[in-house]
K.L.:
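Here you go, one structure.
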Amino acid sequence: MTQEVRVRFAPSPTGPLHIGGVRTALYNYLFAHKMGGKFIIRIEDTDQSRFVPGAEDYIRESLDWLGIQADESPWTSGEVGPYRQSERKADYMQYAVELVEKGHAYYAFDTPEELEAMRERLTAARVVQPQYNNITRTQMKNSLTLPAGEVQRRLESGDPYVIRVKIPRQEEVRLKDLIRGWVVVHTSTLDDKVLMKSDGMPTYHLANIVDDHLMGITHVIRGEEWLPSAPLHVLLYKYLGWKDSMPEFAHLPLLLKPDGNGKLSKRDGDKLGFPVFPIDWENQKDGASAPGFREQGYLPDALLNFLAFLGWNPGDDRELFTKDELIEAFSLERIGKSGTKFDIEKAKWYNEQYLKNMDNEVLAEFIIADAAKDGFELSKELATAAAALNKERVTFPQELWPASKLLVIAPQSFDEKIASKRWNQDAIKVLNQYISRLGDFEAGFNPESAKEELAAAAEAEEIKMGKVMQAVRLAVTGSGAGPDLMRVFSILGKDEVIKRIEFALSELTSID
RNA sequence: GGUCCGUUCGUCUAGGGGUUAGGACGCAUCCCUUUCACGGAUGAAACACGGGUUCGAUUCCCGUACGGACUACCA
């Protein structure tokens, strides 16, 4: 019997969703769809002190923008909700108590000061790893060392306590990671992690295991930072009697800084000038902000495609994949083992590829909107033509309007360097000849005829057209570089071209 | 420091006991072209190091080096 695949993405609402988190969500999403299973989003908000207002909405909006929809989440319905851990609070304690009763956990009453003192003592004694473990717990205040009566009294009187897992002394924990193979850890290196905090909330470790079990999760696909605590999770599944239904694990390689070493962080983005968050973020409390890919002009499908290839590849040379194609090609086996440096240049390349494949009509909307901000009202026809003219020349949609301005605004000034090099008598003669011919021109004005007329004008003056093209471009656009001139002429229309040339002729003085 | 994970061009990667070690981004040159860009072609550029196993190792094994993660009543 094969059970339905169920995977989850479980972010904490402690700030903006990091781009690495987005990739984790994407891999979960792709795997779920590939396997015909379900993708679940669960909000892990068990740390009240780090809760950031707006963070959950941010997560939702980000994934929404990228089209990473959940089958079950706090914002949709589902059979195994609630999907917010703070709303599942009542569930966790019973499992923690069950562990205590089974002898796999215990109550600990140590104050933060006492814990600190313990660590200092251990450090002073040259213990390399000062931790609360199977050795040190014998000297601390917990239900293992205190008389049963006192434990009972403290519990009843409301003394603050936590519940810690009781890690066995000498045991090997083995777990099979889908990406890394067998990982073996000795329990002597593990510490007695807190399962229930003194505020009555579970820690990640407990909540995660309980919820994954209750929600029927079959595959845990998460970042490599969780690998060290995975043995603890395996132990918990065992102690809770859930070993047979324990999910499979796949720990993803991390996203690294583009330069130097280390994990990709917000600072890297600031320093190198690119976003590390999907969409713009502003902290409602402290006003801290961070730029997002969306606002920078990255297209969702392009970003998705780029992200998918950070640590995964289909095994052949194809690089451009729609979301459906990604789902079809995706497999956990083809995820790499090593960390991946973040290369923004590749992201830009993906954006260019997607941008030039977009419909001109769609791109026209960007141009119309941006032009409106500058006070220009563009027709759909003009904007569409502008999109076709420029979409292969830019990286981001917002570059389209600036690139298209020359179609709307006649040049007021002219590039001096080009003028001083190209504005000569030959150019002036050809231009005069051209506008006079254009004045009489009755047939359809299009790129071909515009060029034919220009060629004829040049020929009449016995001047090679190529020699004066730069000057012609300068006269009509004010610049020495730009899109195909004859297409520009065609969009501008005959009358506007004549007007602009006349203006240039009156403004510029010849170099010879 | 300890535990765990990793290491193919600058970057993302394919490959795998015998290959001219393949592709992509970026870079350079050339072509196309009225310019810039697009596109096309070409080029520079990699198996971390040392042992072993083997007829043969970049590929398998062991070390070393280097990198990373973790080492909280955070996730």
Side-chain angles (χ1 to χ4, degrees), chain A residues 10-14 21 44-47 49-50 85 108 110-112 115 119 126-132 160-164 177 179-181 183-186 188-191 193-205 207-208 222-231 251 253-254 256-263 306 309-320 334 336-350 352 356 390-394 403 418 422 451 454 464-474 477 479-486:
Chain A
S12 281
T14 54
E44 309 222 326
D45 54 350
T46 54
D47 186 357
S49 65
R50 289 209 310 157
Q85 287 183 330
D110 316 277
T111 64
L115 290 172
R119 290 194 187 99
R126 292 259 192 72
V127 174
V128 283
Q129 260 176 299
Q131 56 183 17
Y132 207 120
Y161 68 91
V162 299
I163 295 178
R164 287 180 181 271
D177 186 273
I179 294 172
R180 281 149 223 288
V183 177
V184 184
V185 176
H186 200 90
S188 62
T189 66
L190 268 26
D191 63 339
K193 281 270 182 299
V194 169
L195 264 20
M196 288 297 292
K197 298 183 270 192
S198 56
D199 65 0
M201 279 292 213
T203 58
Y204 171 88
H205 304 292
N208 194 262
R222 76 230 297 191
E224 194 186 358
E225 68 266 28
W226 293 111
L227 193 52
S229 53
H251 289 94
L254 264 16
L256 271 20
K257 296 174 189 290
D259 65 339
N261 301 298
K263 206 159 80 163
F306 167 68
F309 273 72
L310 249 30
W312 171 88
N313 75 83
D316 56 38
D317 287 345
R318 292 176 301 157
E319 294 203 275
L320 263 11
R334 294 207 61 86
K337 291 177 170 60
S338 48
T340 300
K341 287 187 183 172
F342 195 83
D343 181 13
I344 197 66
E345 291 304 323
K346 192 87 182 212
K348 286 182 183 168
W349 177 79
Y350 269 108
E352 287 162 3
K356 68 181 177 191
N390 287 311
K391 69 176 178 181
E392 285 185 2
R393 312 172 54 78
V394 301
I418 303 294
R422 305 286 183 185
K451 189 170 187 174
L454 183 61
K464 291 190 84 172
M465 188 173 78
K467 285 190 72 179
V468 298
M469 280 307 290
Q470 279 285 88
V472 176
R473 174 180 295 280
L474 183 72
T477 69
S479 155
D484 185 89
L485 233 206
M486 294 307 130

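The sequence lines fix the lettering, A, B, ..., with proteins before strands; numbering per chain opens at 1.
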K.L.:
In terms of relative ring orientation, are A:Phe306 and A:Phe342 parallel, tilted or perpendicular, with 30° and 60° separating the classes?
P.N.:
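Perpendicular, since the angle between the ring planes exceeds 60°.
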K.L.:
Quick check for you: among B:rA24, B:rA75, B:rC73, whose closest atom lies nearest to any side-chain atom of A:Tyr204?
P.N.:
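In terms of side-chain proximity for A:Tyr204, the closest of B:rA24, B:rA75, B:rC73 is B:rA75.
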K.L.:
Of the options B:rU35, B:rC73, B:rU11, whose atoms approach the side-chain atoms of A:Ser198 most closely?
P.N.:
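Per side-chain heavy atoms of A:Ser198, the pick is B:rC73.
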K.L.:
NA contact type, A:Gly482, heavy-atom cut-off 4.0 Å: base, sugar-phosphate, or nothing?
P.N.:
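Answer is base: heavy atoms of A:Gly482 come under 4.0 Å of a base.
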K.L.:
Heavy atoms from C-beta onward define the side chain here; which of B:rC73, B:rC12, B:rA69 lies closest to that of A:Pro228?
P.N.:
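Output: B:rA69.
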K.L.:
Want to settle it: does A:His205 or A:Ile179 sit nearer the 5' end of RNA chain B, counting the closest nucleotide to each?
P.N.:
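Here A:Ile179 is the residue nearer the 5' end.
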K.L.:
Counting only side-chain N and O atoms of A:Thr340, is one of them less than 4.0 Å from OP1 or OP2 of B:rU13?
P.N.:
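For A:Thr340, the contact criterion (side-chain N or O under 4.0 Å from OP1 or OP2 of B:rU13) is met.
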K.L.:
Check every atom of B:rU7, B:rG68, B:rU35 against the side chain of A:Ser338 and return the nucleotide holding the closest atom.
P.N.:
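Ranking B:rU7, B:rG68, B:rU35 by closest atom to the A:Ser338 side chain puts B:rU7 first.
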K.L.:
By nearest atom, which of the nucleotides B:rC38, B:rC25, B:rA24 is closest to the A:Glu392 side chain?
P.N.:
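Nearest to the side chain of A:Glu392 among the choices is B:rC38.
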K.L.:
Using the side-chain heavy atoms of A:Lys341, tell me which of these nucleotides is nearest: B:rA75, B:rC12, B:rC4.
P.N.:
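Looking only at heavy atoms from C-beta outward on A:Lys341, the closest nucleotide is B:rC12.
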K.L.:
Counting heavy atoms from C-beta on, name the nucleotide in B:rA14, B:rU34, B:rA75 closest to the side chain of A:Thr46.
P.N.:
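Per side-chain heavy atoms of A:Thr46, the pick is B:rA75.
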K.L.:
On a whole-Å scale, what distance lies between the P atoms belonging to B:rG10 and B:rA44?
P.N.:
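Here B:rG10 and B:rA44 have their P atoms 14 Å from each other.
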K.L.:
Please determine whether a side-chain nitrogen of the Lys or Arg among A:Asp191 and A:Lys193 lies less than 4.0 Å from a carboxylate oxygen of the Asp or Glu.
P.N.:
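Answer for the salt bridge query: yes.
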K.L.:
Of A:Leu190 and A:Val394, whose closest RNA chain B nucleotide lies nearer the 5' terminus?
P.N.:
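Final value for this comparison: A:Leu190.
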